Amino acid sequence: MSTVTEAALLTSREITTGEELGSVPLATPGSVRSAARRAAAAAPAWAATPAAERAAILSRAADLLLERAQEAQDLLVREGGSITGKAFYEVHAGAAELRHAAELATAPEPAHGPGSDPGRESEVRRLPLGLVGVIVPWNFPLLLGMRSVAPALALGNTVLLKPDPHTPLSGGRLFAEVLAGAGLPEGVLEVVYGDAEAGAALVEAPGVAMVSFTGSTEVGRQIGATAGRLLKRVVLELGGQNAFVVLPDADVEAAASAGSWGSFLHQGQICMAARRHLVHQDAYESYTEALARHAAALRIGDPYRSDAQIGPVIDHRQLTRIASAVEDAVAQGARLVTGGRVQGRYFPPTVLADVTPKMSIFHTEVFGPVATLTPFADEAEAVELANTSDYGLTAAVYTSDADRGRALAAQLRCGVVHVGDQTVNHDPRLPFGGVGASGNSSGFGGQAARDAFTRWHTLTTSTPARSYPF
């Protein structure tokens, strides 16, 4: 990081008390460009580092992260309002991303067929892009950052990382310390801290070959436009208005438990959260009652000092947005079953029944603990309702008949569908990404990560050297 004056600091504070947790240098556009130059300069040597050595560093980083698991968990709770269980999962999932990336570094590349000219030998490889810029959000800063940083490093790229200003410690400083402790060479990972100005400078920095962004659709469109103008590769994982489809054969109580988890985990501040519960009319009233009962039973409070299941919303602006969306929905005819009113820093789990596609809340992502319910008469209508959205990230079909669920899932326009489960799932070995307003398809997980963070390189050799008629 470049040297800055003491006045240019970003201070992290506990979300519930305002207590200072630590400070980091606040980047300027100039210091972002300087960091990009350092990381770009480090790229050739890192790309030439043997894959086994890169893998060993990432494996050691996973061990170090788990050695600091309690510290990392506390940061996620205090900086971002995670409940303890969510923070525990995120730390271990971040370590899993590092371990999977280590495997990816040394995995054999997929075979590529020979060229069409038998007299010309050909060699086709995947090469690193160079410098990858990564911008991560505050809701899962450790996991969502690591799923880009780890495979990018594993595949021979250097990284310029910008965490969200709400979570600079859990989403940035911790990364740098763990990877440096594991032996990552200087300059291979540069971390810059700041807001939208620093993010724009990262995207535009001349040395950045690719940008991986996770965040809002609005900002994603801006980054995509800039990257397109500058001819840079971009991976966008954006918002979601995800459908949770409950078929009539489902166990209503089990479905409501899954739906409650999918909607209210981390206060609904998850791109994969179940926003729209589409329920068969035969189960609609019983499911509405069960979901509302699950929602009302959740404990609300300070997750660092209690066993709360619902923690604080990230900031006052977001609280106001959630409350306004609920008020507008009720004014348009939705039935408020439970929740719906701000409680200090908290918004209670909220269930809105009788929501129709004519209401704005059916189409607009409310990044908070709000579940909307809509009945359907048959599976054709369920598919139509689910696909009536600009978003296409995840979906789920809850049924006791797996074949029936898979048949319906095949008709849903989104990147990931879970049958017999809810919408919030993550596996570092499986491709993940959305379509439409949810992003530009898969850029994370398994082979998709290799595709995203490397490029094709073709070499042909003709022996003897060829001559031509002119």
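Bear in mind that the values here come from a model prediction, so they are computed numbers and not experimental data.
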Item to complete: Please assess Glu90 against His266 for the test side chain to side chain donor-acceptor pair (under 3.5 Å), listing each intermediate value before the final yes or no.
Response: CA-CA 11 Å; Glu90 185 170 355; His266 197 37; over 6 Å; no
Please determine if [X] and [Y] form a salt bridge, counting it only when a charged side-chain N lies under 4.0 Å from a carboxylate O.
X	Y	value
Arg173	Glu177	yes
Asp63	Arg99	yes
Glu190	Arg37	no
Arg38	Glu186	no

Give a yes or no answer on whether the side chain of [X] reaches the backbone of [Y] with a donor-acceptor pair at less than 3.5 Å.
X	Y	result
Trp138	Gly80	no
Arg60	Ala182	yes
Gln422	Val424	yes
Arg120	Gly115	no
Asn157	Gly130	yes
Ser12	Gly22	no
Arg126	Phe453	no
Arg275	Val370	no
Lys232	Val203	yes
Gln267	Gly368	no

Worksheet entry | Glu384, CD atom: more than 12 neighbouring heavy atoms under 6.0 Å | no
Discussion item. Would you say CZ of Arg317 has more than 12 non-hydrogen atoms from neighbouring residues, nucleotides or ligands within 6.0 angstrom?
Written reply: no
Supply the atom-to-atom distance [X] [atom1] to [Y] [atom2], rounded to the nearest 0.5 angstrom.
X	Y	atom1	atom2	value
Leu319	Ile314	CG	CD1	10.5 Å
Asp164	Tyr193	CG	OH	13.0 Å
Leu179	Leu189	CG	CG	6.0 Å
Arg54	Ile57	CZ	CD1	9.5 Å

Fill in: Counterpart residues, side chain to side chain contact (heavy atoms under 4.5 Å, CB included), relative to Pro29 (two or more places apart)
Arg33, Glu197, Ala201
Worksheet item: Who pairs with Ala55 by side chain to side chain contact (heavy atoms under 4.5 Å, CB included), at least two apart in sequence or on another chain?
Response: Ala102, Ala105, Thr106
State, yes or no, whether a side-chain contact exists between [X] and [Y] at a heavy-atom distance under 4.5 Å.
X	Y	value
Phe444	Pro428	no
Leu153	Leu184	yes
Ile83	Ile310	no
Pro141	Ser170	yes
Val397	Asp421	no
Asp354	Leu373	no
Val234	Ile223	yes
Glu237	Cys271	yes

Worksheet entry | Of all pairs that satisfy ring pair (Phe, Tyr, Trp, His ring centres under 6.0 Å), the ones with a partner from residues 82-101, not counting sequence neighbours | Phe88-His92
Looking only at non-hydrogen atoms, find the nearest pair between [X] and [Y] and report the distance.
X	Y	answer
Asn139	Ile270	ND2-CA, 3.8 Å
Asp315	Arg345	CA-NH2, 3.9 Å
Ala61	Val178	O-CG1, 3.2 Å
Leu352	Ile361	CD1-CD1, 3.6 Å
Val245	Ala382	CG1-CB, 4.1 Å
Leu291	Ser260	CD1-N, 3.6 Å

Identify whether NZ of Lys or CZ of Arg in [X] sits under 6.0 Å from the centre of the six-membered ring of [Y] and within 45° of that ring's axis.
X	Y	result
Arg276	Phe362	yes
Arg125	Trp456	no
Lys86	Phe140	yes

Item to complete: Check step by step if side chain to side chain donor-acceptor pair (under 3.5 Å) holds for His363 and Asp390.
Response: CA-CA 8 Å; His363 304 279; Asp390 292 336; over 6 Å; no
Quick one about [Y] and [X] (side-chain donor to acceptor, distance below 3.5 Å, no hydrogens or angles considered), yes or no?
X	Y	answer
Arg147	Thr214	yes
Asp328	Gln332	no
Ser263	His277	yes

Fill in: Test side chain to side chain contact (heavy atoms under 4.5 Å, CB included) applied to Asp403 and Arg406, step by step
CA-CA 5 Å; Asp403 290 338; Arg406 283 193 291 265; 2.4 Å; yes
Contacts of type side-chain hydrogen bond (donor to acceptor under 3.5 Å, both in side chains), residue [X], not counting sequence neighbours:
X	result
His294	Glu253
Tyr391	none
Ser438	none

Worksheet item: Passes side chain to side chain contact (heavy atoms under 4.5 Å, CB included), Phe175 versus Leu161? Steps please.
Response: CA-CA 9 Å; Phe175 279 62; Leu161 169 68; 3.8 Å; yes
Fill in: Audit row: Leu160, Val32, side chain to side chain contact (heavy atoms under 4.5 Å, CB included) steps and yes/no
CA-CA 9 Å; Leu160 178 61; Val32 171; 4.3 Å; yes
Worksheet item: When the aromatic ring centroids of His280 and Phe376 are compared, is their separation below 6.0 Å?
Response: yes
Discussion item. As a quick check of understanding, evaluate side chain to side chain donor-acceptor pair (under 3.5 Å) for Glu79 and Thr167, giving each step before the final call.
Written reply: CA-CA 6 Å; Glu79 272 197 320; Thr167 51; 5.1 Å; no
Fill in: CA sep, side-chain torsions, deciding dist, call: Glu123, Thr460, side chain to side chain contact (heavy atoms under 4.5 Å, CB included)
CA-CA 6 Å; Glu123 180 182 354; Thr460 72; over 6 Å; no
